[in-house]
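Worksheet: the structure to be examined is printed underneath.
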2 protein chains.
Amino acid sequence: MTNERRWADTSGLPPAPDATAKPVTLAHVARLAGVSENTVSRVIRDKGSIAPETRQRVNAAIEQLGYVPNRAAGSLASSSSLIIGVILPSLSNIVFPEVLRGINAGLSATPYRPMIGVTDYDLDIEHQLIASLLAWQPAAIITTGFDHTVGARRMLENSRVRVAELMDIDNAPIDLAVGLSHHEAGRAMAHHLVQRGYCNIAYVGHDWTADRRAHARYVGLCEGLAETGLSLVAECRTDQASSTLEGRKTLSNLLSGGVHIDAVAFSNDDMAVGGFMHCLAVNIAVPEELALIGFNGLEIGQVLPKPLTTVLSNRFAIGKTAVELLLAGVQRPDETVKIDTGFSIVEGATA
Amino acid sequence: MTNERRWADTSGLPPAPDATAKPVTLAHVARLAGVSENTVSRVIRDKGSIAPETRQRVNAAIEQLGYVPNRAAGSLASSSSLIIGVILPSLSNIVFPEVLRGINAGLSATPYRPMIGVTDYDLDIEHQLIASLLAWQPAAIITTGFDHTVGARRMLENSRVRVAELMDIDNAPIDLAVGLSHHEAGRAMAHHLVQRGYCNIAYVGHDWTADRRAHARYVGLCEGLAETGLSLVAECRTDQASSTLEGRKTLSNLLSGGVHIDAVAFSNDDMAVGGFMHCLAVNIAVPEELALIGFNGLEIGQVLPKPLTTVLSNRFAIGKTAVELLLAGVQRPDETVKIDTGFSIVEGATA
DNA sequence: CCGTGCAATCTCAGCGCTAACATAGCTTTC
DNA sequence: GAAAGCTATGTTAGCGCTGAGATTGCACGG
């Protein structure tokens with residue numbers, strides 16, 4: 001059963017002859033094909049058994065009339081829609097457009113469409129968005145992380161739509177989680193630095209209240225260091241969201257502390273790139289005087305005069321995998337599933 | 001009439017007590033409030049006149065039951081939905097997520113939700129997406145540019161949904177265009193370079209067949225130079241999509257031509273950043289030996305050791321403005337409208 | 001004191017589709 | 001060869017909401 005067959009594209013190129021006049025409905029197609037509406041519906045949805053000859057006649061009629069099914073009617077009748085609700089924390093950070101790109105890629109050969117909402121990292125907004133998306137009776141809701149308001153969690157649990165929680169797999173999902181262990185990623189950063197011979201390691205971070213995953217990496221980092229008998233020699237955290245500017249300022253802050261530091265682990269690449277710029281500005285040799293490691297594997301880090309050493313998170317794969325698994329089963333399975341899309345150290349030139 | 005009132009949020013925080021049992025419908029609310037369904041509907045949509053006392057009673061019932069309207073039913077009955085179809089050429093290029101961010105910002109206080117599709121710069125895919133989005137009877141369709149297949153254009157014209165064509169205003173829109181004159185932007189680049197004293201100006205570009213706006217800027221650039229009695233001394237264009245890598249390669253190509261060049265105008269910032277990297281690699285002093293100018297004003301350009309001189313396109317504003325204008329009038333106005341969101345030269349350190 | 005106009009509400013017929021069941025004509029099975 | 005089990009189709013009753021057109025009651029002018 002190929003995608004081509006499953007999602008037979010009924011809205012093909014021959015366009016509706018005149019959409020103003022009277023929208024073409026199933027009834028028109030049925031009349032022209034000489035069958036009942038229901039049969040047309042079954043042909044379109046590829047459901048039940050249909051005589052090849054009938055199918056062909058119906059498809060011809062669809063084509064001839066340029067019929068485009070009314071999704072609202074379909075949704076109402078079946079109390080479920082071909083909508084995938086997608087809730088993202090932000091669109092400013094390139095990470096989430098990439099997840100969205102993955103989601104879109106997974107959806108593009110299907111009749112499902114993503115309907116999106118952006119929370120700005122606010123759980124109350126997420127709650128409202130969930131309510132508002134649920135009003136469309138979507139096939140699935142995709143959101144990020146495991147933090148939700150009590151009400152939001154209940155709405156998701158009670159509704160029988162499928163739910164994917166992306167980015168993270170360090171907790172118990174409602175239905176499906178796709179992402180990576182940020183705790184493990186943090187540990188890996190520690191081990192990478194230690195292996196490279198750095199032992200005066202510091203941390204530069206951004207606001208954790210919104211970004212729980214950054215915190216998980218921090219914890220993993222500390223744990224990884226502890227495993228080799230080390231611990232952070234210094235750390236500095238801004239209470240702002242991450243950005244190159246904050247990274248630059250926060251590193252500057254950290255270094256003014258006077259502690260001897262030979263490597264800095266950043267909460268993410270934006271911060272690390274900012275840190276790199278600070279080094280450039282005050283003439284600190286990277287990595288000879290100070291090594292830097294980021295997290296995410298953004299393009300921007302790889303475009304620096306020295307490519308940033310970082311940890312690649314597979315954002316595109318997270319989105320795509322989530323969609324594929326969600327569409328594989330319409331029913332929510334009995335047990336929750338976690339999918340690890342992994343991460344990998346990008347050996348740049350800064351650590 | 002504030003937004004608060006207009007889009008009275010009926011899906012507030014008190015969540016549906018138990019979404020599994022039996023979804024709460026208008027009828028339930030109506031019974032509890034002791035009015036007809038239609039009155040509840042009118043309260044929710046703030047339509048027609050309602051006695052203050054009734055309104056209050058209905059709102060209380062809505063709250064008590066945690067009623068969330070079924071959008072599919074509403075769409076079917078009114079043959080129009082609270083969906084805004086958004087068609088973007090790409091999500092890889094940060095430019096379009098920023099437009100989407102603007103769209104989302106304009107929509108966030110309304111009950112409208114964006115439903116998205118990505119064309120990968122393919123007009124046939126755009127055509128299919130338009131058909132597929134039109135199946136939802138959206139309130140509006142937002143797409144980019146003026147290039148559409150004949151069929152797509154007809155579908156948009158015939159449907160009475162509002163249509164916004166973003167990014168460009170150099171052509172006649174179907175309904176509404178929001179963007180900037182890429183032709184003028186190209187001219188401005190020329191004048192900027194000339195004013196700075198450069199007179200051996202070359203062009204480095206990417207594929208025009210998908211990106212018509214890059215071509216418009218090129219034409220404007222040439223025209224701008226002509227106005228000062230100059231013309232391009234060299235040019236080099238890749239047949240690939242724009243990227244830092246292509247920018248780097250193409251500049252290298254250009255310079256191997258042997259022509260004396262003192263400034264290069266790039267088709268966009270991605271290409272320009274790549275060019276900058278080439279200069280760094282082969283030790284060309286920027287801007288002393290070679291000046292560089294890009295287009296878009298991306299963050300990445302501003303993070304370079306020397307901030308890139310470029311032309312800022314107001315992507316966020318384009319998206320936000322488009323949505324605001326679309327929602328201002330549900331009916332398509334008699335005459336088409338073009339909104340110029342303008343551009344501005346970012347005086348970096350590279351030209 | 002009756003007609004007129006308006007505010008506030010109700011009634012009712014769908015919107016276009018799908019689920020569930022019914023049916024008709026076959027082919028098996030024993 | 002009758003019961004049972006297909007396959008291919010038709011019939012019917014909504015899904016939950018909104019639009020259009022009643023209908024009611026009340027304030028007001030003449």
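Just so we're on the same page: letters track the sequence lines, and every chain starts at 1. As the structure is a prediction and not an experimental result, all values here were calculated from the model.
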What is the minimum heavy-atom distance between [X] and [Y], and which atoms define it?
X        : Y        : answer
B/Ala172 : B/Phe146 : O-CD2, 3.9 Å
B/Ile84  : B/Tyr112 : CD1-CD2, 3.8 Å
B/Val86  : B/Pro114 : CG2-CB, 4.0 Å

(request) Take B/His148 and B/Thr143, measure what side-chain contact (heavy atoms from CB on, under 4.5 Å) needs, and give me the verdict at the end. (result) CA-CA 10 Å; B/His148 316 291; B/Thr143 185; 3.7 Å; yes
Can you tell me how far [atom2] of [N] sits from [atom1] of [X], to the nearest Å?
X        : N      : atom1 : atom2 : value
A/Leu76  : D/dC15 : CG    : P     : 9 Å
B/Trp136 : C/dG16 : CH2   : P     : 16 Å
A/Ile44  : C/dG16 : CD1   : P     : 14 Å
A/Tyr67  : C/dG16 : OH    : C1'   : 7 Å
B/Lys47  : C/dT9  : NZ    : P     : 17 Å
B/Arg71  : D/dC17 : CZ    : P     : 10 Å
B/Asn70  : D/dT18 : CG    : C1'   : 13 Å

Given [options], the nucleotide with the shortest approach to the side chain of [X]:
X       : options               : value
A/Ser49 : C/dT9, D/dT9, D/dT7   : D/dT7
A/Ala51 : D/dC17, D/dT9, C/dG16 : D/dT9
A/Ser78 : C/dT18, C/dT9, D/dG16 : C/dT18
A/Arg45 : C/dT18, C/dC17, D/dT7 : C/dT18

If we only count heavy atoms from C-beta on, is the A/Ile141 to A/Leu134 side-chain gap below 4.5 Å? yes
**Prompt:** Within a strict 4.5 Å, meaning less than it, do heavy atoms of the A/Val40 and A/Val43 side chains meet?
**Reply:** no
Salt-bridge present (B/Asp46, B/Arg55; N to O < 4.0 Å):
yes
The bend of the helix from C/dC1-D/dG30 to C/dC30-D/dG1, taken between the axes of its five terminal pairs at each end and rounded to 10°, is 40°
Residues pairing under side-chain hydrogen bond (donor to acceptor under 3.5 Å, both in side chains) where one sits in residues 96-109 of chain B, two or more places apart or in two chains, turn out to be B/Glu98-B/Arg315
Sorted by position of nearest nucleotide on DNA chain D, 5' first, the leading residue of B/Ser75 and A/Thr54 is A/Thr54
Next item on the list: Could you check whether A/Leu26 gets within reach of a base, just the sugar-phosphate, or nothing at all, counting any heavy atom under 4.0 Å?
Entry: base
Residues in residues 28-38 of chain B with a heavy atom under 4.0 Å of DNA chain D, by number, are B/Glu37, B/Asn38
Q | B/Ser41 side-chain N/O to D/dC17 phosphate OP1/OP2 under 4.0 Å | A | no
Whichever of B/Ala73 and B/Ile50 has the more 5' nearest nucleotide on DNA chain C, that residue is B/Ile50
5'-most contact on DNA chain C (nearest-nucleotide basis), B/Arg42 vs A/Arg42, goes to B/Arg42
Please determine, by modelled atom types, if B/Thr149 and B/Arg153 share a side-chain donor-acceptor pair under 3.5 angstrom. no
Whether the A/Ser75 and A/Gln137 side chains hold a donor-acceptor pair (N or O, under 3.5 Å, no angle test) is what I'd like checked. no
